[in-house]
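Here, residue 1 is the first one in the sequence, and each next residue gets the next number.
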Amino acid sequence: MGKNNSETRRIQPILWISTLYFAMGVPFVTINAVSGIMYKDMGVSDSQITFWTALILFSWTLKPLWSPFLEIYKTKKFFVVFTQFAIGILFALVALSLPMHDFFKYSIALFAVIAFCGATHDVVADGTYIGFLTNKEQAKYIGWQGAFYNLAKIISSGALVYFAGVLEKTKGVTHAWMIIMVIYALLFFVLAIYHYFILPKENKEEPKDEKTAGNVRKELLEVITSFFTKKKILWCILFIILYRFAEGFAIKIAPLFFKAPRTSGGLGLSTSDIGLVYGTYGSAAFILGSVLAGYFISARGLKRSLIWLCSAFNIPFVVYALLAYYQPADLLPVGIAVVVEYFGYGFGFVGLMLYMMQQIAPGKHKTAHYAFATGIMNLGVMIPGMFSGMISDWIGYKMFFIWVLIATIPAFLATLFVPFPYPENQKEQQIN
């Protein structure tokens with residue numbers, strides 16, 4: 001694994017790692033965050049927005065189930081280019097659906113297909129990274145991988161949302177978001193063409209084990225069985241779900257709360273303001289928090305750090321309760337609150353990822369089991385996110401963010417009693 005062929009040697013990996021992981025981040029961010037702002041602009045209720053945009057994220061939970069079958073047909077490069085081109089077509093169709101009377105029904109169905117293509121793209125992108133880089137190169141470029149994934153967040157929920165707000169003033173809401181969806185479509189067409197020429201090709205002369213659908217089904221069953229028979233796995237699963245439980249509520253409602261009129265308990269921010277403070281400043285704070293958390297964990301060890309990481313992840317949600325209570329008219333306190341929350345989010349999220357790598361993934365099927373863990377982790381965000389709009393409509397924004405703070409309690413309890421089935425190795429932890 002990780003051997004480079006001659007073509008890979010001629011192409012600097014950073015030239016395709018950067019764009020590949022940028023392309024990986026855009027669909028998830030667009031569906032999870034940007035679509036909610038778009039639908040809010042177009043008059044869709046919070047309960048509809050949060051339920052459906054959370055539900056279609058289920059593809060990222062289920063992706064391990066079809067990932068083995070991608071090894072049977074074609075190549076990783078084929079699926080990368082194909083899914084990117086398909087996502088481009090689908091974004092163009094979303095743009096065409098927005099002027100329709102039943103735009104929500106058609107556009108959310110298209111977003112569901114985008115989610116499936118995006119989850120499939122994740123699988124083959126990670127497979128390309130692992131398959132064409134040596135272990136040394138994987139370690140060398142892992143930071144760039146995360147940086148460009150987060151760049152997708154800054155551009156998508158920051159720059160493009162800001163641009164949508166500017167366009168709304170001259171083009172109107174519907175046409176503004178049609179233009180943004182067309183930009184997404186063009187972006188993925190360009191990425192597909194670029195990766196067709198730049199991605200390394202698999203060495204067809206290298207012998208491969210012949211795989212059939214029947215063999216893959218047996219392998220998949222063995223991977224699933226071995227995952228759920230790991231030591232203390234049920235407690236581990238409970239932890240990775242509850243760690244993000246409060247986030248699942250907050251992350252869906254926060255941008256809708258920013259957009260809602262002040263008479264309804266919101267902050268009445270423009271779309272441009274949301275793009276500026278939530279997508280740009282917040283994402284930059286997230287990256288800074290992630291970097292600092294790595295040094296913090298390497299110095300203390302994961303087990304000693306985990307409760308502090310959980311605190312950093314969950315306590316900053318208090319800023320949304322304060323914003324809902326005081327409803328500041330100035331943009332500065334809103335920006336400060338978002339920076340605080342996203343810094344804590346980045347700082348605390350690293351702990352969860354390392355726990356899955358070091359305490360759940362180890363064993364015969366490390367890569368597959370890590371994929372299962374990340375898929376299950378998404379349930380902790382998806383399920384509360386589906387019902388967050390209904391709850392906020394019922395009790396209002398002020399009480400909703402109080403509820404978010406109450407919802408952090410299970411995360412603290414799960415963290416205090418989380419098992420560590422594998423002994424910590426400080427040297428390995430610093431490498432990870």
State the CD1-CG distance between I179 and L160, to the nearest 0.5 angstrom.
-> 12.0 Å
Keeping the roles fixed (side chain from N314, backbone from C310), state whether a donor-acceptor pair exists under 3.5 Å.
-> yes
Gap between atom CG of L93 and atom CD1 of I114 - 0.5 Å precision | 8.5 Å
For K252 and T53, does a side-chain donor sit closer than 3.5 Å to a side-chain acceptor?
-> yes
Show your reasoning for whether salt bridge (charged side-chain N to carboxylate O under 4.0 Å, His left out) applies to K40 and D46.
-> CA-CA 7 Å; K40 185 74 172 180; D46 287 5; 2.7 Å; yes
In terms of ring plane angle, is the pair F347 and F296 parallel, tilted or perpendicular, where the classes change at 30° and 60°?
-> tilted
Is there a donor-acceptor contact under 3.5 Å from the side chain of Y422 to the main chain of P362?
-> yes
For the pair K63 (side chain) and G118 (backbone), establish whether a donor and an acceptor sit closer than 3.5 Å, ignoring hydrogens and angles.
-> no
Name the orientation class of the two ring planes belonging to F85 and F189 (parallel below 30°, tilted from 30 to 60°, perpendicular beyond 60°).
-> tilted
Are the side chains of I31 and I56 in touch, meaning some heavy atoms are under 4.5 Å apart?
-> yes
Measure the shortest side-chain to side-chain distance between L65 and I224 over non-hydrogen atoms and say whether it is less than 4.5 angstrom.
-> yes
Hits for ring-ring contact (aromatic ring centres under 6.0 Å, His included) against F28, two or more places apart or cross-chain, chain-then-number order -> W60
Counting heavy atoms not belonging to F412, are there more than 12 under 6.0 Å from its CZ?
-> yes
Considering all heavy atoms, the nearest T50-S47 contact = OG1-O, 3.3 Å
Within the distance-only criterion (no hydrogens, no angle test), does the side chain of K77 pair as donor or acceptor with the backbone N or O of Y196 below 3.5 angstrom?
-> yes
Those residues that, when tested against F258, pass ring-ring contact (aromatic ring centres under 6.0 Å, His included) (two or more places apart) | Y278
Note: E341 and V319 closest approach over all heavy atoms is CB-CG2, 3.9 Å
Give a yes or no answer on whether the side chain of H195 reaches the backbone of L191 with a donor-acceptor pair at less than 3.5 Å.
-> yes
Interatomic distance, L187 atom CG to F91 atom CZ [nearest 0.5 angstrom] = 8.5 Å
Does any N or O in the side chain of T225 come within less than 3.5 Å of the main-chain N or O of E222, such that one atom is a donor and the other an acceptor?
-> no
Would H175 and L98 satisfy side chain to side chain contact (heavy atoms under 4.5 Å, CB included), going step by step from the backbone distance to the final call?
-> CA-CA 8 Å; H175 284 92; L98 295 182; over 6 Å; no
Quick one: are Q84 and I193 in side-chain contact, heavy atoms under 4.5 Å?
-> no
Correct closest heavy-atom pair for W177 and V34 would be CZ3-CG1, 3.7 Å
All heavy atoms of I154 vs all of A284, minimum pair found to be CD1-N, 4.5 Å
Check against side chain to side chain contact (heavy atoms under 4.5 Å, CB included), M386 and F58 | CA-CA 11 Å; M386 288 172 60; F58 202 41; over 6 Å; no
ring-ring contact (aromatic ring centres under 6.0 Å, His included) with Y345: which of Y243, F313, F317?
-> F313
Would you call the rings of F349 and F286 parallel, tilted or perpendicular, where under 30° means parallel and over 60° means perpendicular?
-> tilted
For M382 and L379, what are the C-alpha separation, side-chain angles and deciding distance, and is it a side chain to side chain contact (heavy atoms under 4.5 Å, CB included)?
-> CA-CA 5 Å; M382 188 194 82; L379 292 175; 3.9 Å; yes
Are F163 and I183 close enough that some pair of their side-chain heavy atoms sits under 4.5 Å apart?
-> yes
Identify the heavy atoms of V404 and A246 that sit nearest to each other, and give their distance.
-> O-CB, 3.6 Å
Sub-6.0 Å ring centroid separation between W66 and F116 | yes
Between CD1 of I360 and CZ of F239, what distance do you get to the nearest 0.5 Å?
-> 8.5 Å
Answer yes or no: does atom CH2 of W308 have more than 12 heavy-atom neighbours from other residues, nucleotides or ligands under 6.0 Å?
-> no
Hey, are T30 and S156 close enough side-chain-wise for a donor-acceptor pair under 3.5 Å?
-> yes
Dump the intermediate steps for side chain to side chain donor-acceptor pair (under 3.5 Å) on S45 and Y39, then the final yes or no.
-> CA-CA 8 Å; S45 68; Y39 287 135; over 6 Å; no
Do S97 and M181 have side-chain heavy atoms sitting under 4.5 Å apart?
-> no
Answer yes or no: are there more than 12 heavy-atom neighbours, outside F78 itself, under 6.0 Å from its atom CZ?
-> yes
Kindly check if the number of other-residue, nucleotide or ligand heavy atoms within 6.0 Å of OH (Y162) is above 12?
-> no
To the nearest 0.5 angstrom, please state how far the CE atom of M42 sits from the CZ atom of F103.
-> 4.0 Å
Work out which heavy atom in G36 is nearest to a heavy atom in L256; give both atom names and the distance.
-> O-CD2, 3.4 Å
Is it true that the side chains of K259 and T271 contain a donor and an acceptor less than 3.5 Å apart?
-> yes
Taking the side chain as C-beta and beyond, is there a heavy-atom pair between F111 and L90 under 4.5 Å?
-> no
Ring centres under 6.0 angstrom apart (F227, F372) = yes
Can you tell me how far CZ of F82 sits from CD1 of I87, rounded to the nearest 0.5 angstrom?
-> 10.5 Å
Show your working on side chain to side chain contact (heavy atoms under 4.5 Å, CB included) between Y320 and L405 and close with a plain yes or no.
-> CA-CA 10 Å; Y320 293 130; L405 296 179; over 6 Å; no
Could you tell me whether the side chain of C117 reaches within less than 4.5 Å of the side chain of P27, counting heavy atoms only?
-> no
Classify the ring geometry between F245 and F249 as parallel (under 30°), tilted (30 to 60°) or perpendicular (over 60°).
-> perpendicular
Does F257 reach the side chain of F401, with side-chain heavy atoms less than 4.5 Å apart?
-> yes
